[in-house]
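So the structure is just underneath, and the comments pick up after that.
Every chain is numbered from 1, with letters handed out A, B, ... down the list of sequences. For the numbers below, each heavy atom of this structure counts, side chains included, while hydrogens, waters and symmetry mates do not.
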4 protein chains.
Amino acid sequence: MDKAERKEREFNLRRAEILEQAGKIFAAKGFHNTTVADIAGSSGFAVGTLYQFFESKEQLYTVMLTEKLNMMYARIRESVATEADAIRKIERLVASQFRFVEENAEFCSIFIRGDHLSLSEGSAALRKQMVSDYAVHVSFTEGVLREGICAGVLKEMDPQMMAAALTGIINSCASKWLAMMGGASLMSNIPFVIDIFLEGVRKNAQ
Amino acid sequence: MDKAERKEREFNLRRAEILEQAGKIFAAKGFHNTTVADIAGSSGFAVGTLYQFFESKEQLYTVMLTEKLNMMYARIRESVATEADAIRKIERLVASQFRFVEENAEFCSIFIRGDHLSLSEGSAALRKQMVSDYAVHVSFTEGVLREGICAGVLKEMDPQMMAAALTGIINSCASKWLAMMGGASLMSNIPFVIDIFLEGVRKNAQ
Amino acid sequence: MDKAERKEREFNLRRAEILEQAGKIFAAKGFHNTTVADIAGSSGFAVGTLYQFFESKEQLYTVMLTEKLNMMYARIRESVATEADAIRKIERLVASQFRFVEENAEFCSIFIRGDHLSLSEGSAALRKQMVSDYAVHVSFTEGVLREGICAGVLKEMDPQMMAAALTGIINSCASKWLAMMGGASLMSNIPFVIDIFLEGVRKNAQ
Amino acid sequence: MDKAERKEREFNLRRAEILEQAGKIFAAKGFHNTTVADIAGSSGFAVGTLYQFFESKEQLYTVMLTEKLNMMYARIRESVATEADAIRKIERLVASQFRFVEENAEFCSIFIRGDHLSLSEGSAALRKQMVSDYAVHVSFTEGVLREGICAGVLKEMDPQMMAAALTGIINSCASKWLAMMGGASLMSNIPFVIDIFLEGVRKNAQ
DNA sequence: GATGAATGAGGCTTCATTCAT
DNA sequence: TATGAATGAAGCCTCATTCAT
């Protein structure tokens, strides 16, 4: 019988709903200013019910963060993978990140607020996982840039440094957009980001 | 008599000592995981005494943040002001920011942990002040870049965007350095930052 | 049809299984540190199912206690009844109690831990039952001793006091054995208990 | 100045008051059915205040138990020490224990209820201390009996067994008295206890 | 002015019990 | 009838803030 299957689907739906609401509230108020009762209330469950899905407030927070981030990482990798040209890969990198930010503005504002990582010592394992996931993503970005160097279209610079610069520009634009939260689409900044990153801002002497 | 004067000097010394210690502890443990007793203990005062210098834990936190940041902003402006050449001004901007990070690594790690701004609604005024101070600093950066444009050495791009990119690169490098906290001096990255920002990473066709 | 009969037998088997497991867990962890889920888990039933056999956790606990104790009381009475001699009756009293302790060590350790009776006010009736059962048992012991007095083999003391002393010696030995849980059989202490109770510890002057 | 001294005296007074009240409530309702708020309320302090005197509810409980018990042990030892005759030492042992029970009836009923030892695993150290204190007391009792044997007034039996019997008789009488809580003084039972313990209950054949 | 003990609201978590399936 | 997910009351403990000394 597929009763178990339905059960599991139900379970995942509820879990997702909790994560969804938790994401919104954590983003709005920060980890410490959000109470478990807040999340229970807005996700339509009783407090005790949350503890059938997550071990603790911290675990709920970290799972929410980790799952969303991994979704973003996956999308970026996927988007970049379907492109062969090195320069276009960089464009895809920027574009997919910007798209994620636009589609998950609420969630992303957590990183502006930045209470990620101010967790207690208790959840060291969870934190390590996040740091490690991030490291993998950075490596991926470096890899893309390294390809560009090998292909002869990028300068022979330290790819770690290039990755840091690219990441910085992307994050800075995203933060700016999130802070203002109005006006033009973030995607419209892509050409600008690519242009600065590739060509710099100095006016070429004639 | 200058008794009042001595009093005030004493007062300011104590206050500074508290801010100093508070900065260290907040940086190490985050805002919410730091107790007022922690700060009292390590600054050598009684808990009650702190409340004669600061209205609340939040105010103490925000004042500490604001004063340090304004010190940084001031240094940057000062350093940039003594230079006439537009390109060199940008260098000074980067250099003075990097120097501040190196000299205040502990404090700056607050921004990686990022609990700045996860304050309660109560201290809206204090928060506004910080946001406003930051806006002034961004304007200043834009101003420097605008000068470069006017002087004809920078491309005629939106200075807001250029400022965002420059800020992003600087912050990203600083974060990377703070996260690793070892190896080469952050200052040694200046040429790289300037190079990427001005010239980009694309290899010039021969 | 005897369907109803089978039903009832089934019902009693399940009930007994639950009581059996509950006894083990309560003995091991105490009343308050044992959860209904613990008992459900180890008896192979769902939590909800337990509530078809017992009204509440407290009732389950008390029923378990009462049934076991009544079994013990019954065995003691039975064993004593088949003996005519007053002194031998006392021996049987001690022996059957010791045998029960040896055969139900886990259960009996509840009384060392002693959470019996730390029940809430809610179950006053259940508690009264236990106290009353115990009173009956004490009366029985007194009766045995009274017989000894009437038969002229025991001193003419208050049988209540004598019963208290005998009970105290028995319990103390049993507790000691349960606490150490190793070495010699508890039964091997019978002659000693009888000897002290009957003859005392003072050395007879020559 | 003796300000610190006064402070400490005050501290100890408050601490004692809390222990006093806690003893009453724990005795009346048991460990698990007593809330920290109960104790705070009846001792006239705020909940938080209790935590300046004791680390946790469990520690408060164990300290209360340990201090009272050690007081009892000390009194018994003291009372016995001032007597030379072996038989009289035993009398003193019984008498001082009975006196303590009479004077601390409320407290002692904890041991009838018996939630001592049903503490969580957390306070293993505290529990060990209690068990160890009890072992010392048992050794002391054995020692007294051993002296009697050496002096030739007690039979040459295993002193451990004799101690168990004596302890059992004492506890049983005390429990009986506590359970009824009325009527004659517990002390009036001393001659009886001594008589049974020394001479037994068998009627001497003429 | 300085102190630090007292306060008590509020947070996280547990678990006996219910009830829809 | 059996199930076990959902419930939410209640408990322990923390800590920013106050105030009597």
Side-chain angles (χ1 to χ4, degrees), chain A residues 3 6-7 10-11 14 32-41 44-60 120 122, chain B residues 7 10-11 14 31-41 44-61 120 122, chain C residues 7 10-11 14 31-41 44-61 120 122, chain D residues 3 6-7 10-11 14 32-41 44-60 120 122:
Chain A
K3 197 174 154 191
R6 183 168 39 222
K7 270 266 166 88
E10 272 271 313
F11 179 91
R14 291 178 209 279
H32 285 286
N33 295 318
T34 297
T35 70
V36 172
D38 284 342
I39 299 170
F45 292 97
V47 174
T49 307
L50 299 198
Y51 284 84
Q52 291 189 331
F53 294 90
F54 305 96
E55 286 175 2
S56 67
K57 182 188 173 189
E58 261 196 25
Q59 201 225 17
L60 166 53
S120 80
Chain B
K7 271 265 165 91
E10 270 267 315
F11 181 90
R14 291 177 206 272
F31 177 75
H32 280 95
N33 297 319
T34 297
T35 69
V36 174
D38 284 341
I39 298 168
F45 292 95
V47 175
T49 309
L50 297 199
Y51 282 83
Q52 293 184 336
F53 292 89
F54 304 95
E55 286 174 3
S56 68
K57 182 188 172 189
E58 258 193 25
Q59 200 226 18
L60 165 54
Y61 183 69
S120 75
Chain C
K7 271 265 165 94
E10 272 267 314
F11 181 90
R14 290 176 207 274
F31 178 73
H32 280 94
N33 296 319
T34 297
T35 68
V36 173
D38 284 341
I39 299 169
F45 293 95
V47 174
T49 308
L50 298 198
Y51 282 83
Q52 292 184 335
F53 292 89
F54 304 96
E55 285 174 5
S56 68
K57 183 189 173 187
E58 258 193 25
Q59 200 227 16
L60 165 52
Y61 182 69
S120 76
Chain D
K3 198 173 154 191
R6 183 166 40 222
K7 270 265 165 88
E10 273 270 315
F11 180 90
R14 291 180 209 278
H32 285 287
N33 295 317
T34 298
T35 70
V36 173
D38 284 341
I39 300 169
F45 292 98
V47 174
T49 308
L50 299 199
Y51 284 84
Q52 292 189 332
F53 294 89
F54 305 95
E55 286 174 2
S56 66
K57 182 189 173 189
E58 261 196 25
Q59 202 224 16
L60 166 52
S120 80

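Positionally, the nearest nucleotide of DNA chain F for C:G44 lies more toward the 5' end than for the other of C:G44 and A:F45.
The line from CD1 of B:I39 to CG of B:L60 is 5.0 Å long, rounded to the nearest 0.5 Å.
Looking at residues two or more places apart in sequence or on another chain, you find a side-chain contact (heavy atoms from CB on, under 4.5 Å) between D:F53 and D:F11, D:R14, D:R15, D:I18, D:T49. By the ring-ring contact (aromatic ring centres under 6.0 Å, His included) test, A:F54 pairs with no residue at all, sequence neighbours left out. Residues meeting the side-chain hydrogen bond (donor to acceptor under 3.5 Å, both in side chains) test with B:T35, sequence neighbours left out: B:D38.
When heavy atoms are screened at a 4.0 angstrom cut-off, A:F53 is found touching the sugar-phosphate backbone but no base atom. Across all strands shown, D:F11 has no heavy atoms under 4.0 Å from either base or sugar-phosphate atoms. Among the protein residues, D:R6 comes within range of no part of the nucleic acid, since none of its heavy atoms lies under 4.0 Å from any strand.
Ring geometry, C:H32 versus D:H32: the interplanar angle falls under 30°, so the pair is classed parallel (tilted spans 30 to 60°).
Side chain of D:A46, nearest nucleotide from E:dT3, E:dG8, F:dT3: E:dG8.
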Could you write out each protein N or O paired with an N or O of nucleotides 14-17 of chain E at a distance under 3.5 Å?
unit_1, atom_1, unit_2, atom_2, d
E:dA16, OP1, C:K57, NZ, 3.1
E:dA16, OP2, C:V36, N, 2.8
E:dT17, OP2, C:Y51, OH, 2.9
E:dT17, OP2, C:K57, N, 3.0

Once Watson-Crick and G-U wobble pairs under 3.5 Å are found, how is DNA chain F written in dot-bracket notation, 5' to 3', with | for any base paired to another strand? .||||||||||||||||||||

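Using a 4.0 Å cut-off, some side-chain N or O of B:R14 falls inside it from OP1 or OP2 of E:dA2.
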